[in-house]
Novice: 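One structure is given below, represented as structure tokens, and several questions about it will come after.
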Amino acid sequence: DQIVNETIPALQKLKEAGKIRFIGITGLPLGVFTYVLDRVPPGTVDVVLSYCHYSINDSALEDLLPYLKSKGVGVISASPLAMGLLTERGPPEWHPASPELKSTCQAAALYCKERGKNISKLAMQYSLSNKDISSVLVGMNSVKQVEENVA
């Protein structure tokens, strides 16, 4: 409610004043998007950023895409590697996934590696393939990772 009643109106004033060009929202629970968009005038929110909900281990964002399109909202999907779950190295210690999901993703990464494939590349290809998602954001920590992702 604070976002709907305070944050969005403040952002609209900044937009009207020419200080910002677009208004976007983000959040992990997908319900945040429908909650806000159903309570603000159409066209108020230009874009949403969702993370960890459009990759090979979780495609829940896909169900929301027609709704977002009907509202005229662009979609940025972040973390196609699920915050490290879909890498050969695995996620950081603090990762909120269950031990079962971590173990399953680790086994999938090993399965891919044994067959000469990289799970991260597969996850990136999957996330980039949806034409209803405007942009995909992925973190990289080396020149080598940038080169691999561009390839």
Side-chain angles (χ1 to χ4, degrees), residues 1-88 90-92 94-109 111-112 115 117-140 145-146 148-151:
D1 289 331
Q2 186 175 16
I3 292 167
V4 171
N5 297 320
E6 298 175 33
T7 306
I8 296 292
L11 291 171
Q12 284 178 295
K13 287 179 184 175
L14 291 171
K15 191 174 183 179
E16 290 165 7
K19 304 255 185 214
I20 63 172
R21 291 184 22 194
F22 302 102
I23 296 174
I25 58 174
T26 187
L28 182 61
L30 293 174
V32 164
F33 303 133
T34 55
Y35 186 89
V36 172
L37 293 171
D38 285 344
R39 288 164 177 79
V40 298
T44 302
V45 174
D46 300 295
V47 66
V48 299
L49 185 149
S50 174
Y51 55 98
C52 296
H53 286 304
Y54 195 77
S55 196
I56 57 177
N57 69 306
D58 180 346
S59 60
L61 179 62
E62 191 164 24
D63 293 337
L64 194 60
L65 292 175
Y67 169 84
L68 295 170
K69 192 173 189 174
S70 77
K71 296 285 188 175
V73 175
V75 179
I76 300 170
S77 177
S79 197
L81 305 182
M83 299 187 318
L85 274 177
L86 301 172
T87 65
E88 290 179 356
W94 53 261
H95 196 287
S98 69
E100 179 184 16
L101 181 57
K102 287 179 183 178
S103 174
T104 300
C105 289
Q106 184 179 27
Y111 179 87
C112 291
R115 283 149 186 80
K117 303 296 179 190
N118 184 305
I119 194 166
S120 297
K121 183 175 181 178
L122 295 172
M124 287 288 292
Q125 288 173 333
Y126 176 84
S127 294
L128 289 166
S129 69
N130 193 314
K131 303 294 184 228
D132 290 327
I133 296 175
S134 306
S135 298
V136 176
L137 297 179
V138 62
M140 295 168 269
Q145 282 187 349
V146 172
E148 288 171 355
N149 287 337
V150 169

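Quick caveat, the model's predicted, so the values are computed rather than measured.
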Novice: Counting only heavy atoms not in I3 (residues, nucleotides, ligands), do more than 12 fall under 6.0 Å from its CD1?
Specialist: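 Incorrect, the count does not exceed 12.
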Novice: Would you say that more than 12 heavy atoms from the other residues, nucleotides or ligands in this model lie under 6.0 Å from the CD of Q106, or not?
Specialist: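 No, the 6.0 Å shell around CD holds no more than 12 heavy atoms from other groups.
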Novice: I'd like to check I119 versus I56 (side-chain heavy atoms, cut-off strictly below 4.5 Å). Are they in contact?
Specialist: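 Result yes, sub-4.5 Å side-chain heavy-atom pair found.
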Novice: Would you give the length of the straight line joining atom CD of Q145 to atom OG of S120, rounded to the nearest 0.5 angstrom?
Specialist: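 Rounded to the nearest 0.5 Å, the CD-OG separation comes to 8.0 Å.
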Novice: For the ring pair F33 and Y67, is the centre-to-centre distance below 6.0 Å?
Specialist: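 Distance test on ring centres: not under 6.0 Å, no.
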Novice: Answer yes or no: is there a side-chain heavy-atom contact under 4.5 Å between C105 and L101?
Specialist: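 C105 vs L101: side chains touch.
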Novice: Taking the side chain from H95 and the backbone from K102, do they hold a donor-acceptor pair closer than 3.5 Å?
Specialist: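 Side chain of H95 to backbone of K102, a donor-acceptor pair under 3.5 Å: no, none is there.
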Novice: Is it the case that the side chain of S55 and the backbone of D58 share a donor-acceptor pair, with hydrogens and angles ignored and the cut-off at 3.5 Å?
Specialist: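 Side chain of S55 to backbone of D58, a donor-acceptor pair under 3.5 Å: no, none is there.
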Novice: Would you say the side chain of P91 lies within less than 4.5 Å of the side chain of M83, judging by non-hydrogen atoms?
Specialist: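 Contact flag for M83/P91 side chains = no.
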Novice: Determine the minimum heavy-atom distance between V4 and P9, stating which atoms define it.
Specialist: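 Of all heavy-atom pairs spanning V4 and P9, the closest is O-CD, 3.3 Å.
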Novice: For S50 and H53, what are the C-alpha separation, side-chain angles and deciding distance, and is it a side chain to side chain contact (heavy atoms under 4.5 Å, CB included)?
Specialist: CA-CA 7 Å; S50 174; H53 286 304; 3.7 Å; yes
Novice: Contact between I133 and L61 at the side-chain level, heavy atoms closer than 4.5 Å - yes or no?
Specialist: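 Yes, side chains in contact.
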Novice: Do S134 and V47 have side chains that approach each other closer than 4.5 Å (heavy atoms only, starting at C-beta)?
Specialist: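 S134 does not reach V47 side chain to side chain.
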Novice: Going through the checks in order, is the side chain to side chain contact (heavy atoms under 4.5 Å, CB included) test met by V32 and V48?
Specialist: CA-CA 10 Å; V32 164; V48 299; over 6 Å; no
Novice: Measure the CG-OG distance between L137 and S127 for me, rounded to the nearest 0.5 Å.
Specialist: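 Reported value, rounded in 0.5 Å steps: 11.0 Å.
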Novice: Pairs in or reaching into residues 21-35: which pass side-chain hydrogen bond (donor to acceptor under 3.5 Å, both in side chains), with residues at least two apart or in two chains?
Specialist: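 Qualifying pairs: D1-Y35.
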Novice: Atom CD1 in I8, atom NZ in K13: separation rounded to 0.5 Å?
Specialist: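 One finds 13.5 Å between CD1 of I8 and NZ of K13.
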Novice: Mind checking the OG-OH spacing from S79 to Y54? Nearest 0.5 Å is all I need.
Specialist: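 Rounded to the nearest 0.5 Å, the OG-OH separation comes to 15.0 Å.
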Novice: Taking the side chain as every heavy atom from C-beta outward, state whether D132 and V75 have any atom pair closer than 4.5 Å.
Specialist: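 No; the side chains remain at least 4.5 Å from each other.
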Novice: Locate the shortest heavy-atom distance separating T87 from G90; write the atom from each residue and the value.
Specialist: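 Where T87 meets G90 most closely, the heavy atoms are OG1-N, 2.9 Å.
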Novice: If you measure from CG on N57 to SG on C52, what distance do you get to the nearest 0.5 Å?
Specialist: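 It is 8.0 Å, given to the nearest 0.5 Å.
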Novice: Could you state the interatomic distance from CD1 (I23) to CD (Q12), rounded to the nearest 0.5 Å?
Specialist: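 Taking CD1 in I23 and CD in Q12, the distance rounds to 5.5 Å.
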Novice: Can K71 and D46 be counted as an ion pair, charged N to O under 4.0 angstrom?
Specialist: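 Salt bridge: no.
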Novice: Is the backbone N or O of E100 less than 3.5 Å from a side-chain atom of T104, with the two atoms forming a donor-acceptor pair by type?
Specialist: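 Judged by distance alone, yes, a pair lies under 3.5 Å.
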